[in-house]
Amino acid sequence: MRKRLIVSAAAGALALLLTVPASAAPYTPGTPGIGDAYYPNAGNGGYDVSHYDIRLKYQPATDELEGTATILATATQDLSRFDLDFVLGVKEVLVNGRTATFAATGESELEITPARPLAKGSPVTVVVRYAGKPGEVERGGYSAWLRTADGGVAANEPEGSAWWYPSNDHPTDKATFDVSVLVPDGTQAISNGILTGQSSRAGWTRYNWRQTKPQATYLATLAIGKFDIRTDTTPGGLPVVTAYSKDLGDNDGAARASVERTGELVDWLSGYFGEYPFASVGGYVPEVPTGYALETQTQIFYSPAQFSRGANTSVVVHELAHQWYGDSVSVQRWSDIWLNEGFARYAQWLWSEHENEGTAQELADYVYASYPAGHAFWTVKPGDPGADHQFAGAVYDRGAVAIQALRNTVGDEAFFRILKGWPAERKYGNATIQQFQAFAERVSGKPLGALFETWLFTAAKPAADSAGVPATSAAPAGATGLAPSAESGRPEPKSWKRIQETNAVHEHEQGRAQGHAHGRAR
Ligand code: TRP
Ligand code: ZN
């Protein structure tokens, strides 16, 4: 997102006339990917989006989605052509008000050739009219659109946007969003931010949602179905929006007993991470068969399965932690995923400590002692896990041990300054693990190269005497098996199983969640 200097069409046309002399260097196509090694076709080159206006109509009975997306962008090079990431059928594309030619290319690229080339620095308005049945559009045998009995849900990482709106689908191009959805009366539509309006006419109701803070494309969500939507404000004045499918059945009470604590948990997390970065907060629980949750910005997606064994504040803490670590401060490249999952997991450890269910140190010791050297767990490098292991358990658990090792190395005082300082340092931006390390070194005054190398970038179990490992943590010789167990010789912290569920439920679905579009690198 970049501030636009000129908005009027007349000024735009003038800028174009002035900047396209006959002798200009040739205008070239924007690249079909933004340059992320894990997902070569994710995002696109040549422009920067500032705002998405997405206007939709959805019919739950047939899964028909019709849309008009208006995208405000700025060209970052002299462009003859550019791509959007999208999988639904396109009817018409306008660029700066003129009909453009377009073609679906590759797995999920919409290639757009404007009637006139676009000069570097000039504002670009793209209108895309489309329609399709998102549940039926598959890439690599997979649709990111979750159909439910009464509608559908778009909530996926790293890529799900292409099933409901065209975008520059990479976390480095953040934008504000307006999402307006027309659904049959009696059905509700949910997206990010605040519900700014709702109106009914002739059997259809329109819901208008607005996200006023920069948002990465994968953090935009859409849910349609029969929901009980509740609005409230925290004591501090932050609007809270929560929504529950009317079909939650036995999970309804536990879901509400967890998600209704959102405001309280945001306040608790603010004590560690600093001021909450967004203008609203909340979450929704649709009746989906999946087991995972996703940190969709301000409006968190939860699966009912997370609440099938009673209230689960741990998962709420995990997803809320992402609002600072992941959503406000986002990865620069998908390989930086530890900056999201390591810290969201560590927040669960702090919550466990608060609830007297095991300290962060005990949880770190338990992870360390549970997997013997040579176990596959240690072959995943949390700092660069590869696209196939982006959400492996080690990214979360070894990733959180790495954070405990950092804490043990720099001491509590510096550690908590780092934890709170980083989201302020990089608010609404992107960052790499290397930049986090430099920040932690600056705050603590300690060189941390060896610590990061050992804990994040080495495909082996760190030695018991390596930096940050508590002396008591040596693994007992006999520890074996896939899952940590009593065999590790350490008592299992009370919170352990519940915390594992936050992503373990998701892990067996991971192939499905990731084995699709955008040409995943192997
Ligand atoms: N970021 C999610 C979490 O840990 C996990 C996740 C990864 C996910 N890929 C997903 C969730 C796809 C839903 C869909 O909270
Ligand atoms: Zn997470």
Side-chain angles (χ1 to χ4, degrees), residues 38-39 42 139-140 142-146 152-164 169 171 216-223 258-259 265 269 273 283-286 288-306 312-331 334-351 380 382 385-400 403 498-518 520:
Y38 282 18
Y39 307 95
R139 291 291 180 272
Y142 166 83
S143 168
W145 179 250
L146 298 165
V153 177
N156 216 301
E157 181 187 13
E159 297 151 329
S161 309
W163 273 264
W164 67 284
D169 196 8
T217 48
Y218 80 99
L219 297 171
T221 189
L222 173 68
S258 313
V259 180
L265 296 172
L269 280 167
F273 297 157
Y284 70 95
V285 192
V288 285
T290 50
Y292 45 70
L294 184 65
E295 62 268 26
T296 41
Q297 191 162 308
T298 73
Q299 192 62 274
I300 293 162
F301 162 80
Y302 297 99
S303 293
Q306 292 281 350
N312 184 353
T313 45
S314 188
V315 69
V316 179
V317 165
H318 180 105
E319 305 309 333
L320 284 174
H322 277 309
Q323 303 305 307
W324 286 263
Y325 282 88
D327 294 10
S328 173
V329 185
S330 303
V331 293
W334 280 114
S335 58
D336 295 310
I337 192 68
W338 170 77
L339 288 173
N340 296 8
E341 301 305 346
F343 288 82
R345 174 66 96 229
Y346 196 77
Q348 291 177 281
W349 288 10
L350 293 171
W351 181 243
V380 174
D388 285 336
H389 299 288
Q390 202 188 333
F391 300 99
V395 174
Y396 292 69
D397 287 332
R398 179 176 173 179
I403 294 169
R498 169 77 354 132
I499 292 175
Q500 288 301 294
E501 284 164 16
T502 311
N503 75 304
V505 188
H506 159 252
E507 205 158 331
H508 70 271
E509 290 160 325
Q510 205 171 301
R512 223 184 103 233
Q514 288 184 48
H516 66 89
H518 284 339
R520 174 168 49 139

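Just so we're clear, the structure is a prediction, and the values are computed from it rather than from any experiment. In listed order, ligands and their atoms are each counted from 1.
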Residue E341 atom name (nearest to the Zn ion (ligand 2); N/O/S):
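Closest N, O or S atom of E341 to the Zn ion (ligand 2): OE1.
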How is the N/O/S atom of H318 that comes nearest to the Zn ion (ligand 2) named?
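Within H318, restricted to N, O or S, the Zn ion (ligand 2) is closest to atom NE2.
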Between the side chains of Y39 and Q390, is a donor N or O closer than 3.5 angstrom to an acceptor N or O?
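There is such a pair (donor and acceptor under 3.5 Å, judged by atom type) between the side chains of Y39 and Q390.
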E341 and H318: side-chain donor and acceptor closer than 3.5 Å?
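On atom types as modelled, these side chains qualify, holding a pair under 3.5 Å.
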Heavy atoms only: give me the nearest D169-S161 pair and the separation to one decimal.
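Minimum heavy-atom separation between D169 and S161: OD1-OG, 3.7 Å.
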Closest non-hydrogen atom pair between H389 and V395, with its separation
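Minimum heavy-atom separation between H389 and V395: O-CG2, 3.6 Å.
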For [X], take its heavy atoms, then give the atoms of ligand 1 lying under 4.0 Å from any of them.
| X | result |
| --- | --- |
| E341 | 1 (N), 2 (C), 3 (C), 4 (O) |
| E295 | 1 (N), 2 (C), 3 (C), 15 (O) |
| L294 | 1 (N), 2 (C), 8 (C), 11 (C), 13 (C) |
| E319 | 3 (C), 15 (O) |
| H318 | 3 (C), 4 (O), 15 (O) |

Approximate separation, where rounding is to 0.5 Å, of I403 CD1 and R398 CZ
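Here the interatomic distance stands at 13.0 Å.
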With a 4.0 Å cut-off on heavy atoms, is Q390 in contact with ligand 1?
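Q390 does not count as a contact of ligand 1 under the 4.0 Å cut-off.
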Say whether Y396, considering both its backbone and side-chain N or O atoms, lies within less than 3.5 Å of an N or O atom on ligand 1.
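Looking only at distances, the answer is yes, because the N/O contact criterion of under 3.5 Å is met.
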For ligand 1, does A293 get within less than 4.0 Å through its side chain, its backbone, both, or neither, judged by non-hydrogen atoms?
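Near ligand 1, A293 shows its backbone, while the atoms from C-beta on stay back.
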Can you tell if the side chain of L320 reaches within under 4.5 Å of the side chain of W351, non-hydrogen atoms only?
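A side-chain contact under 4.5 Å is absent here.
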Could you tell me whether the side chain of Q500 reaches within less than 4.5 Å of the side chain of D397, counting heavy atoms only?
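D397 vs Q500: side chains touch.
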Of the choices Y292, F301, Y302, which has the non-hydrogen atom that lies closest to atom 14 (C) of ligand 1?
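Nearest option to atom 14 (C) of ligand 1, by heavy atoms: Y292.
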Is there an N/O/S atom in E295 at a distance below 2.8 Å from the Zn ion (ligand 2)?
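No, outside the cut-off.
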Can you tell me if S303 uses its side chain to pair, donor with acceptor, with the backbone of T290 under 3.5 Å?
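Checked: pair present.
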